[in-house]
Amino acid sequence: MRELHRDLNAPKVFITERLILRRSRLWDAAAIFEYASDPKVIHYMDYCPRTDVSEVVKFLEEQSQQWKSGSFSWVLTVKPDDRPIGTIACWLEDHKAGFGYLLHQQYWGQGYATEAARVVVEWAIGLPNIYRVWATCDTENAASIRVLEKCGLVFEGRLRCYSVRPNISAIPRDVLMYAKVRDRS
C-alpha cells in the first residue's frame with residue numbers, strides 16, 4: 001500500500017556529477033513537450049507522443065498530488081543549465097519501487113539516463129521499507145536494457161503480452177523485467 005510511504009519526504013533535488021534532477025515546474029512545460037512529443041523518444045512508452053503543450057501542463061499541475069501519494073517525478077538538467085532534457089519517475093508501493101525514464105534524443109548515448117537512474121535506484125533501495133526496485137523495458141529496447149544493467153538491476157525474466165506500446169502495436173508486447181533487491185536481514 002502507498003500508505004506506508006505517505007509521509008515520506010522524497011528529495012526535491014538530486015545532484016550527480018553532471019546532472020541536477022529536480023521537481024518539475026510549470027514553466028518547464030515547453031522543454032518537456034519538446035521531448036515528450038517526439039515519436040522516437042516515446043516509441044517504447046505505454047502512451048502516445050504528446051500533441052499539445054497543454055497535456056504537459058496538465059501533467060505538471062497534477063505532480064503535487066502525485067508526490068503526496070508516493071509517486072515522484074524529477075526532470076533532468078545538465079549542469080549548469082536548468083532546461084529539462086528528460087524525466088525520471090519513481091513510484092512506491094508496499095515493499096517495492098518501480099521507475100521509468102525518458103530522455104530527449106539529442107542526449108542519447110551520453111550516459112545521462114544511467115546517471116539519473118543510478119541515483120534514483122540507490123535512493124529507493126535505501127528506503128527502510130523498500131526491498132525491491134524494478135523496471136521493465138520492451139524486448140527490443142536495447143538502450144534501456146543497457147541502462148538497467150549499468151544501474152545494477154538484474155534480468156529476472158520475460159513477461160509475455162505484458163504491455164501495450166501504442167506507438168508500435170495495439171497488441172500487448174513482451175517486456176523484460178529487471179530488479180535490484182536488498183537483503184531482507
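Just so it is clear, the structure is predicted and the values come from calculations on it, not from any experiment.
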Q. Quick one: does Tyr44's side chain get under 4.5 Å of Ser144's, heavy atoms only?
A. no

**Q.** Heavy-atom pair with the smallest gap, counting every atom of Phe33 and Arg50
**A.** CE1-O, 3.6 Å

Q) Between atom CD of Gln65 and atom OG of Ser71, what is the distance when rounded to the nearest 0.5 Å? A) 11.5 Å

Q | Which atom of Ile42 lies closest to which atom of Ala36, heavy atoms considered | A | CG1-O, 3.4 Å

Q.
Under 4.5 Å between side-chain heavy atoms, counting indirect links through other Ile/Leu/Val/Met/Phe/Trp/Tyr residues: same cluster for Phe155 and Ile125 or not?
A. yes

Q: Any chance you could measure Ile130, atom CD1, to Glu93, atom CD, to the nearest 0.5 Å?
A: 9.5 Å

Q: Determine the sole option in Thr16, Leu19, Ile15 for which the side chain to side chain contact (heavy atoms under 4.5 Å, CB included) test with Val119 is passed.
A: Thr16

Q. Do Val41 and Ile145 belong together in a cluster built from hydrophobic side chains that touch within less than 4.5 Å?
A. yes

Q: Determine yes or no for a side-chain-to-main-chain donor-acceptor pair under 3.5 angstrom, with Arg118 supplying the side chain and Gly152 the backbone.
A: no

Q | Short side-chain to backbone donor-acceptor contact, Asp174 and Cys161, under 3.5 Å | A | yes

Q: Begin with the C-alpha distance, continue with both residues' side-chain angles, and end with the deciding distance and a verdict on side-chain contact (heavy atoms from CB on, under 4.5 Å) for Ile168 and His43.
A: CA-CA 7 Å; Ile168 302 172; His43 184 71; 3.5 Å; yes

Q: Would you kindly confirm whether Ile32 and Val78 end up in one hydrophobic cluster when ILVMFWY residues are joined by side chain heavy atoms under 4.5 Å apart?
A: yes

Q.
Would a single hydrophobic cluster contain both Val181 and Trp91, if residues Ile, Leu, Val, Met, Phe, Trp and Tyr are joined by side-chain heavy-atom contacts under 4.5 Å?
A. no

Q | Listed partners of Lys58 passing side-chain contact (heavy atoms from CB on, under 4.5 Å), at least two apart | A | Glu62

Q) Do other residues, nucleotides or ligands put more than 12 heavy atoms under 6.0 Å from the CD1 atom of Ile171? A) no

Q.
Taking side chain to side chain donor-acceptor pair (under 3.5 Å) as the definition, give me every residue that meets it alongside Arg83, ordered by chain and number, with sequence neighbours left out.
A. Glu34

**Q.** Shortest non-hydrogen separation from Val121 to Lys180 and the atoms involved
**A.** CG1-CD, 3.9 Å

Q. Hey, are Glu55 and Thr51 close enough side-chain-wise for a donor-acceptor pair under 3.5 Å?
A. yes

**Q.** From CE (Met45) to CG (Asp138), nearest 0.5 Å
**A.** 11.0 Å

Q) How long is the span from the CG atom in Asn167 to the CG atom in Asp46, to the nearest 0.5 Å? A) 9.5 Å

Q: Check whether any side-chain N or O of Arg146 sits under 3.5 Å from a backbone N or O of Thr114 as a donor-acceptor pair, and report yes or no.
A: no

Q: Using side-chain contact (heavy atoms from CB on, under 4.5 Å) as the criterion, list what pairs up with Met177, not counting sequence neighbours.
A: Arg132, Trp134, Thr136, Glu156, Leu159

(Q) Return the CG to CD distance between Leu103 and Gln105, rounded to the nearest 0.5 Å. (A) 10.0 Å

Q) Hey, does Leu148 have a side-chain heavy atom less than 4.5 Å from the side chain of Cys137? A) yes

Q.
Using a 3.5 Å distance criterion without hydrogens, assess whether the side chain of Thr77 forms a donor-acceptor pair with backbone atoms of Ile20.
A. yes

(Q) Could you go through Tyr101 and Val147, starting from their C-alpha distance and side-chain angles, then the distance that decides it, and tell me whether this counts as side-chain contact (heavy atoms from CB on, under 4.5 Å)? (A) CA-CA 10 Å; Tyr101 48 87; Val147 167; 3.4 Å; yes

Q. Would Val154 and Val175 show up in the same hydrophobic cluster when neighbours are defined by side-chain heavy atoms closer than 4.5 Å?
A. no

Q: Verify, without hydrogens or angle tests, whether Arg182 (side chain) and Leu127 (backbone) share a donor-acceptor contact under 3.5 angstrom.
A: yes

Q) Can you name the nearest heavy-atom pair linking Gln110 to Gln106, along with the distance? A) NE2-O, 3.1 Å

Q) Looking only at heavy atoms, which two atoms of Leu26 and Val57 are closest? And how far apart? A) CD2-O, 4.0 Å

Q) When rounded to the nearest 0.5 angstrom, what distance separates CG in Leu153 from CG in Leu176? A) 12.5 Å

Q: Could you give me the CA-CA distance, side-chain angles and deciding distance for Arg22 and Val75, then say whether side-chain contact (heavy atoms from CB on, under 4.5 Å) is met?
A: CA-CA 5 Å; Arg22 63 166 173 78; Val75 294; 3.6 Å; yes

Q. Can you check whether Gln63 reaches Ser24 side chain to side chain, under 4.5 Å on heavy atoms?
A. yes

Q. Is a donor on one side and an acceptor on the other found under 3.5 Å between the side chain of Trp67 and the backbone of Lys12?
A. no

Q | Full working for side-chain contact (heavy atoms from CB on, under 4.5 Å) between Tyr107 and Leu76 | A | CA-CA 11 Å; Tyr107 298 91; Leu76 287 59; over 6 Å; no

Q.
Are Phe72 and Leu92 packed together at the side-chain level, in the sense that at least one heavy-atom pair is separated by less than 4.5 angstrom?
A. yes

Q.
Please give me the minimum heavy-atom distance between Tyr178 and Glu149, naming the atom from each residue.
A. OH-OE2, 3.4 Å

